[in-house]
Amino acid sequence: MHRRIFIKNTSIIAAAGMTIPDGFALAEKQLAKNKLPKWKGFNLLDFFGPEPDKQRRPTTEEQLKWMSDWGFDFVRIPIAYPYYLKFDRSRNITPEEVYSIDEKQVDKIDHLVALGHKYNMHVSLNLHRAPGYCINAGFHEPYNLWTDQKAQEAFYFHWNMWAKKYKDTSSKKISFDLLNEPSMREDMNDQHSKRSAVPGDVYRKVAIGAQQAIRKENPNHLIVADGNNGGSNVIPELADLDIAQSCRGYHPGIISHYKAPWAMKDPDKAPEPKWPGQVGEQYLGREMLEKFYQPWIDLVNKGVGVHCGESGAWKKTPHAVFLAWFGDVLGILTSHGIGYALWEFSGDFGLLNSGREDVAYEDWHGQKLDRKLLTLLMKY
């Protein structure tokens, strides 16, 4: 129902002393507005890895202009904290070296932030790897963020540094995404060790510590917390903290990470994905997505800001299946005012240069553009 008609009708009913029917009450609930804008855009992986000399080709100003010209207004920058540290990389980092900031590397990150702002992008800074935790292995952590106080103190230090750097930048232009895809892992340096959700009270403690470190510099700074258990689950323990939450657009993983070697133990035996359709013992379709995202929609209706910080599918997912599935993901999210960011702009999950074998790419200034994917993204 149109909002003005709804308000007019409910006002007439109330003035007449009548009870508002259930249907009107439901309509009112559905009018709940997301506290976050419906940003849409991309993850930029310039500083995604811990080694400064092993980064991918940097995002160019021209690429940011393309994003802006196509109607996108959001970029998320996942950062590995060792990228901007000074230490002897021939051995494992020590807890003391976690505080050794390399300003030259910080300046490179700041340059990308400035370019994003030049093209009217909201920039979300994210610690993809924080002291004591990363969803991925590949760098030896000296401690565990969830169990070690020293790791937590270092985590707060890093967020205070970033908050101080952007102390005078409006929350309309920058936000701080605390930690990529939190989970509790038995061994932080073993990719395949037993994993589970972070206990809610522990996540709350760490989030409050980071919140205080950030808001110490500017009480209006915008803070985002990724969903628990790898980004999938709403965090009810944070709902009262004036911290937005970030979901993921990767469900089900058999679609989004089809044959991805880091996500499947035996990728060559993965069943052929269909959307919609029967795959193995389960039927994959829009209904399962609606069920998966309902807790996030409920969170919006409770007044908590929600954004989907990562979404998309790896290059091995058949293109037609990917587009059909992703259209449902975006349709459900955006119909409830939840924006999204594709992982990534250029690369295996990306709009450009994804390396899919079943796409007729369009040449775009020397880049390989997936025009069908761009059309889908622009629709939402």
Nearest non-hydrogen partners of Gly227 and Pro182, listed with the distance:
O-CD, 3.4 Å
Within a strict 4.5 Å, meaning less than it, do heavy atoms of the Trp162 and Val106 side chains meet?
yes
Enter the distance from Ile332:CD1 to Cys308:SG here, rounded to the nearest 0.5 Å.
11.5 Å
Atom CD1 in Ile77, atom CG in Asn126: separation rounded to 0.5 Å?
10.0 Å
Please check this pair: side chain of Trp296 against backbone of Ser232, looking for a donor-acceptor N/O pair closer than 3.5 Å.
yes
Correct closest heavy-atom pair for Asn34 and His336 would be CB-O, 4.4 Å
To the nearest 0.5 Å, what is the distance between CG (Leu330) and OG (Ser311)?
6.0 Å
Return yes if a side-chain donor-acceptor contact under 3.5 Å exists between Gln294 and Lys291, otherwise no.
no
Between Thr59 (side chain) and Leu44 (backbone), is there a donor-acceptor pair under 3.5 Å?
no
Which residue pairs pass the salt bridge (Lys or Arg N to Asp or Glu O under 4.0 Å) test with at least one member in residues 267-282, sequence neighbours excluded?
Asp266-Lys269
Do Arg89 and Pro52 have side chains that approach each other closer than 4.5 Å (heavy atoms only, starting at C-beta)?
yes
I need the single residue from Lys165, Glu217, Lys216 that forms a side-chain hydrogen bond (donor to acceptor under 3.5 Å, both in side chains) with Asn160. Which is it?
Glu217
Shared hydrophobic cluster for Met121 and Leu36 (ILVMFWY, side-chain gaps under 4.5 Å):
no
Members besides Tyr258 in its Ile/Leu/Val/Met/Phe/Trp/Tyr cluster (side-chain heavy atoms under 4.5 Å):
none
Treating Asp46 as the side-chain partner and Pro78 as the backbone partner, does any N or O pair qualify as donor plus acceptor under 3.5 Å?
no
For the CG atom of Asn189 and the CG atom of Asn144, what is their distance to the nearest 0.5 Å?
9.5 Å
Taking atom CD of Gln211 and atom CD1 of Ile223, what is their separation to the nearest 0.5 Å?
5.0 Å
Sequence neighbours excluded - salt bridge (Lys or Arg N to Asp or Glu O under 4.0 Å) pairs with any residue from residues 131-153:
Arg129-Glu141
Euclidean distance, Leu112 CG relative to Ile109 CD1, rounded to 0.5 Å:
9.0 Å
Report yes or no: do Tyr340 and Glu310 form a side-chain donor-acceptor pair below 3.5 Å?
no
Hey, is the main chain of Lys86 close enough, under 3.5 Å, to the side chain of Ser100 for a donor-acceptor pair?
yes
If you define the side chain from C-beta out and look only at heavy atoms, does anything of Arg195 sit under 4.5 Å from Ile135?
yes
Can you find a heavy atom in the side chain of Leu369 that is under 4.5 Å from one in the side chain of Asp363?
no
Return the set of residues passing side-chain contact (heavy atoms from CB on, under 4.5 Å) with Thr94 (not counting sequence neighbours), or none when no residue passes.
Arg91, Glu96, Glu97
Any pair with a residue in residues 330-344 that passes salt bridge (Lys or Arg N to Asp or Glu O under 4.0 Å), sequence neighbours left out, goes on the list, sorted by first then second residue, please.
Arg56-Glu344
Establish, yes or no, whether a centroid distance under 6.0 Å links the rings of His158 and Tyr84.
yes
Any side-chain heavy-atom pair from Ile243 and Val224 closer than 4.5 angstrom?
no
Do any N or O atoms from the side chain of Asn353 and from the backbone of Lys368 form a donor-acceptor pair under 3.5 angstrom?
yes
Candidate pair Lys205 and Gln152, rule side-chain hydrogen bond (donor to acceptor under 3.5 Å, both in side chains), full reasoning
CA-CA 10 Å; Lys205 175 193 173 186; Gln152 292 166 14; 3.2 Å; yes
Exam field: side chain Tyr203 to backbone Trp146, donor-acceptor pair closer than 3.5 Å:
no
Shortest non-hydrogen contact from Val306 toward Cys247:
CG1-SG, 4.4 Å
Return the minimal non-hydrogen interatomic distance between Arg356 and Ala313, and the atom names on each side.
NH2-O, 2.8 Å
Can we call the ring centroids of His307 and Phe74 under 6.0 Å apart?
yes
Are any side-chain N or O atoms of His128 and backbone N or O atoms of Gly49, one a donor and one an acceptor, separated by less than 3.5 Å?
no
Report, as yes or no, whether the 6.0 Å neighbourhood of atom CD on Glu287 holds more than 12 heavy atoms from other residues, nucleotides or ligands.
no
Return all side-chain donor-acceptor pairs below 3.5 angstrom for residues 62-71, not counting sequence neighbours, or 'none' if the list is empty.
unit_1: Gln63; atom_1: OE1; unit_2: Thr60; atom_2: N; d: 3.0
unit_1: Lys65; atom_1: NZ; unit_2: Asp69; atom_2: OD2; d: 2.8

For Tyr133 and Glu181, indicate whether the former's side chain and the latter's backbone hold a donor-acceptor pair under 3.5 Å.
yes
Side-chain H-bond candidate by donor/acceptor type, His122 with Ser175, under 3.5 Å:
yes
Name all pairs fulfilling the side chain to side chain donor-acceptor pair (under 3.5 Å) condition that reach into residues 371-380, sequence neighbours left out, sorted by first residue then second.
Glu362-Arg371
Residue pair Leu284 / Val279: nearest heavy atoms and the distance that separates them:
CD1-CG2, 3.6 Å
Salt bridge flag under 4.0 Å for residues Lys118 and Glu61:
yes
Measure the shortest side-chain to side-chain distance between Gln282 and Met288 over non-hydrogen atoms and say whether it is less than 4.5 angstrom.
yes
Worked verdict on Arg185 versus Asp190 for side chain to side chain contact (heavy atoms under 4.5 Å, CB included):
CA-CA 8 Å; Arg185 196 160 62 215; Asp190 180 357; 5.9 Å; no
Does NZ or CZ of Lys40 come closer than 6.0 Å to the centre of the six-membered ring of Phe72, within 45° of the ring's axis?
yes
Under 3.5 Å: donor-acceptor pair, side chain of Gln55, backbone of Glu51:
yes
Set of residues satisfying side-chain contact (heavy atoms from CB on, under 4.5 Å) with respect to Gln212, sequence neighbours excluded
Ile208
Using only atom types and a distance under 3.5 Å, with no angle test, would you say the side chain of Tyr166 pairs donor to acceptor with the backbone of Lys173?
no
Other members of the hydrophobic cluster containing Trp262, with the 4.5 Å side-chain heavy-atom rule, please.
Leu45, Phe48, Tyr250, Trp314, Trp343, Phe349
Validation row: Val113, Leu125 side chains within 4.5 angstrom (heavy atoms):
yes
Can you sort out the partners of Lys38 under side-chain contact (heavy atoms from CB on, under 4.5 Å), two or more places apart, ordered by chain and number?
Thr334
Salt bridge (Lys or Arg N to Asp or Glu O under 4.0 Å) partners of residues 219-247, not counting sequence neighbours, each pair once
Arg76-Asp226, Arg204-Asp240, Arg215-Asp242, Asp226-Arg248
Go through the side-chain N and O atoms of Asp88 and Ser90 and say whether any donor and acceptor fall under 3.5 Å apart.
yes
Summary of ring pair (Phe, Tyr, Trp, His ring centres under 6.0 Å) pairs that have at least one residue in residues 210-239, sequence neighbours excluded
Phe176-His221
Nearest heavy atoms of Ile254 and Pro273, plus distance in Å:
O-CB, 4.0 Å
Taking the side chain as every heavy atom from C-beta outward, state whether Asp348 and Ser354 have any atom pair closer than 4.5 Å.
no
